[in-house]
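One-based numbering along the sequence shown.
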Amino acid sequence: MTKAKLQTAQNLTRLGTESAFEVLARAEALKAEGHDVINLGIGQPDFKTPGHIVEAAVKALHDGHHGYTPAPGITQLREAVAADIERLRGVRVDPGNIVCVPGGKVTMFFAIMMFGEAGAEIMYPNPGFPIYESVINYSGAKAVPIPLVEEKNFSFDAEEVLSLITPATRLMIINTPANPTGGAVPREEMDKLAAGLEAHPHVAILSDEIYGQMTYDGLEHVSLLEYEHLRDRLILLDGWSKTYAMTGWRLGYALWPESLVDMATRLAINCHSCVNAATQFAGMAALEGPQDSVHEMVRAFDERRKIIVDELNAINGFSCVTPKGAFYAFPNISGTGQSAREVQDKLLTEAHVATVAGTSFGHLGENYVRFSYANSVENIRAALTRVRKIYN
Ligand code: PLP
């Protein structure tokens, strides 16, 4: 029998990954060996999807919703999304511009593939969600980092961001509140950015607001949708994964500008046809039903946030700014004298605490490690006690 000799596409060599999944696999392997691993590595709520949402999906299956749906989503779901956008952001939008997809990542992939090719430039947050840089590189475009630095509470200076725009810039990715830093862009900076973008009508904006409902200390979430002059080039990414503890359901949406919505739908048809029907019914129930569980979850994250920041600041060599949103703490670990990756590995192998090295989120993440506080207070305290034993 002849052995296969396959040649895969060259651009695949440029595709990166999301290391949190690798850490998860290593943590699971340690667990399988009988170790008691505390997972502060994975970016998903530790809460269950609220019961009424699960019931809506079960009912949809019993009611016979087993077939394809329109590619951008069931009309009622798109209407529910439009109503939710209006409730949260105070802006009325056309449900026809909403495309529901299997998770927030899909919108990201579509937007980057729409604009990315050799010769193009795409700006993205660094440290930031790793898939931005990965897919930009895959597309052949040049990945231009928007530096997020601790001194600015992991936000940015709008003038600095605007200065990075060139005639080749096609897309700018903004994520607030942010993964992995927990930073949130304040209104003043967002105003400056939005105003400055007027002079650059060739730049589309992908605003990843998947943590938009998770801000603390009374901080308002500033949505780029509020800026009317940007709406004909703004892609608003949001979804159910984090807000409704639905990461495994795979459901997200984007509001596309009029000029791009058909292209997004075409990509959906080529890629996945539609989101599975029962999940869409669950999504409707989430948006149209009671929101208490969202508020309760955010309240719990807030409590844990304060605990983890205090605990991290008590560890020799660690210093942690207070995150403003999402559910991640991003301590500076330079005082340990070890690299981010060394700290990640030491914590996993010696303390059996899973975290993710800052470098998994871009080169500017060196000196930082991401701790997700989407875990119980008890586990957070136990994990940090183990970390303290190593460094104090
Ligand atoms: N955007 C950001 C900033 C994220 O952190 C994540 C998930 O961690 C996503 C998008 C993707 O979400 P989903 O699981 O819905 O694809």
Going through the distances and angles, do Leu260 and Phe115 end up as a side-chain contact (heavy atoms from CB on, under 4.5 Å)? CA-CA 11 Å; Leu260 301 179; Phe115 290 100; 3.8 Å; yes

Gap separating the [atom1] atom of [X] from the [atom2] atom of [Y], nearest 0.5 angstrom:
X      : Y      : atom1 : atom2 : result
Leu287 : Gln76  : CG    : CD    : 11.0 Å
Leu255 : Ser207 : CG    : OG    : 10.5 Å
Leu148 : Phe361 : CG    : CZ    : 12.5 Å
Thr349 : Leu30  : OG1   : CG    : 8.0 Å
Ile205 : Met123 : CD1   : CE    : 10.5 Å
Tyr227 : Leu193 : OH    : CG    : 8.5 Å

Just by modelled atom types, is the [Y] backbone N or O under 3.5 Å from a matching donor or acceptor in the [X] side chain?
X      : Y      : result
Gln44  : Ala245 : no
Asp94  : Glu258 : no
Tyr216 : Glu303 : no
Thr176 : Val185 : yes
Gln280 : Ile74  : yes
Ser134 : Pro130 : no
Arg170 : Ile122 : no
His202 : Thr166 : yes
Ser19  : Glu22  : no
Thr169 : Glu121 : no

Can you tell if the side chain of [X] reaches within under 4.5 Å of the side chain of [Y], non-hydrogen atoms only?
X      : Y      : value
Leu224 : Met190 : yes
Ile85  : Tyr253 : yes
Ile315 : Thr336 : no
Tyr244 : Gln291 : yes
Val81  : Asp84  : no
Leu225 : Arg231 : yes
Phe330 : Cys320 : no
Arg304 : Asp46  : yes

Indicate yes or no: does [X] engage [Y] in a salt bridge with an N to O separation below 4.0 Å.
X      : Y      : result
Asp310 : Lys306 : no
Asp302 : Arg305 : yes
Arg266 : Asp262 : no

Can you tell me if [X] has over 12 outside heavy atoms packed within less than 6.0 Å of its [atom1]?
X      : atom1 : value
Glu220 : CD    : yes
Lys142 : NZ    : no
Glu159 : CD    : no
Gln10  : CD    : no
His66  : NE2   : yes
Arg87  : CZ    : yes
Glu188 : CD    : no

State which residue, out of Arg386, His352, Glu378, fulfils the side-chain contact (heavy atoms from CB on, under 4.5 Å) condition with Ile38. Arg386

Step by step, work out the side-chain contact (heavy atoms from CB on, under 4.5 Å) result for Asp191 and Val222. CA-CA 9 Å; Asp191 284 351; Val222 188; 5.6 Å; no

What heavy-atom pair brings [X] and [Y] nearest, and what distance separates the two atoms?
X      : Y      : result
Ile112 : Tyr132 : CD1-O, 3.8 Å
Ala340 : Tyr368 : CB-O, 3.2 Å
Glu288 : Ala80  : OE2-CB, 3.6 Å
Ala282 : Met246 : CB-CE, 4.1 Å
Gly283 : Trp240 : O-NE1, 3.0 Å
Met214 : Lys242 : CE-O, 3.4 Å

Single-linkage hydrophobic cluster, 4.5 Å side-chain cutoff, [X] and [Y] together:
X      : Y      : result
Val294 : Leu251 : yes
Ile333 : Val149 : no
Leu61  : Tyr68  : no
Ile131 : Ile235 : yes
Ile269 : Met114 : no

Name every donor-acceptor pair, under 3.5 Å, that has one atom in a side chain of residues 98-109 and the other anywhere in the protein, sequence neighbours excluded.
| unit_1 | atom_1 | unit_2 | atom_2 | d |
| --- | --- | --- | --- | --- |
| Lys105 | NZ | Glu18 | OE1 | 2.7 |

Will you find, in the side chains of [X] and [Y], an N or O donor that is under 3.5 Å from an N or O acceptor?
X      : Y      : answer
Ser334 : Asn332 : yes
Arg250 : Asn276 : no
Gln213 : Thr243 : no
His221 : Glu209 : yes

Please list all pairs meeting side-chain hydrogen bond (donor to acceptor under 3.5 Å, both in side chains) that have one or both residues in residues 311-328, counting only residues at least two apart or in different chains. Tyr211-Tyr328, Glu311-Arg381, Glu311-Arg388

Audit row: Met172, Ile146, side-chain contact (heavy atoms from CB on, under 4.5 Å) steps and yes/no: CA-CA 9 Å; Met172 175 187 287; Ile146 297 174; 4.1 Å; yes

Could you walk me through whether Asn179 and Asp208 pass the side-chain contact (heavy atoms from CB on, under 4.5 Å) test, one step at a time? CA-CA 10 Å; Asn179 178 8; Asp208 183 341; over 6 Å; no

Does the plane of the ring in Phe301 sit parallel, tilted or perpendicular to the ring in Phe47? Use 30° and 60° as the thresholds. perpendicular

